[in-house]
Amino acid sequence: MKFTYFGHSCFSVEIKGKKILFDPFISGNELAKGKVEIDAIQADYILVSHGHADHVADLAAIAKRTGAKVIGAYEVVSWAQKNGAENIHPMNFGSASFEFGKVWFLPASHSSSMPDGSYGGNPGGFLVKSDEGTFYYSGDTCVMMDMKLVPMYAKLDFAIMPVGGNFAMDAADAVMAADFIACNRVVGVHFDTFGYIKIDHEWAKKKFSDAGKELILPMIGESITL
Ligand code: NI
Ligand code: MN
């Protein structure tokens, strides 16, 4: 599966020729400047974990330009619609099937409000199961017992989880989470963007390798095959 990193917690995957974008936040990311061209990002679907600005800042603009279907909590999707997204699929915790595969919207232990201060519903993460691979994106969260349910839904090929600490898991926490979700291959996100979440990459990778796991810290603008 092709995975492209746009910085912070924004990435896309390609399944069955469909481009699925997650948590679009590029314009406000200093680290992405000159590395990502927002208007060149393609999307057939946009999956949004929660309402915080560092996950939705470019949501409405990309949704409007691409016509991508916006999937996420009812409140987040309604906000996107109010801001011009026409193609929407609201969810709450549960699952739904799409042309690329099955999506579970699962709880995250975090908070969620929209940039205009309106209620953002419950924060969550996504489990995506497809013929071309299965992965879990936790969204912003601490480690939590609910993660132990993930391998009961599906066997993962890889996971995407925060490793920047402060607002969500750091790398040591993410190793615990990786055990809970029974996955040894993790792509780290939500790191380095702001002062609070700057990390030592070598320390983070060692936490994983000491536990017999792999941590991938992608470069902004880079595509990798997972
Ligand atoms: Ni957040
Ligand atoms: Mn965040």
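Every number for a ligand or one of its atoms is a count from 1 in the order of the listing. When a residue number appears, it is its place in the shown sequence, counting from 1.
At a threshold of 4.5 Å between non-hydrogen side-chain atoms, the residues Asp170 and Lys207 do not count as touching. Counting only heavy atoms from C-beta outward, the side chains of Val143 and Phe180 approach each other to under 4.5 Å.
Among the atoms of His52, an N, O or S atom is found under 2.8 Å from the Ni ion (ligand 1).
Rounding to 10 degrees, one finds that the Mn ion (ligand 2) sits at the corner of an angle of 180° between Asp140 OD2 and Asp54 OD2. With the Mn ion (ligand 2) at the apex, His55 NE2 and His190 NE2 define an angle of roughly 100° (rounded to 10 degrees). At the Ni ion (ligand 1), the angle from NE2 in His50 to NE2 in His110 is 100° when rounded to 10°.
The six-membered or imidazole ring of Phe25 lies near that of His8, with a centre-to-centre distance under 6.0 Å.
Under a 4.0 Å N-O distance rule, the pair Lys213/Asp179 qualifies as a salt bridge.
Atom OD2 is the N/O/S atom of Asp140 found closest to the Ni ion (ligand 1).
Of all heavy-atom pairs between Ala174 and Met169, the closest is CA-SD, 3.9 Å.
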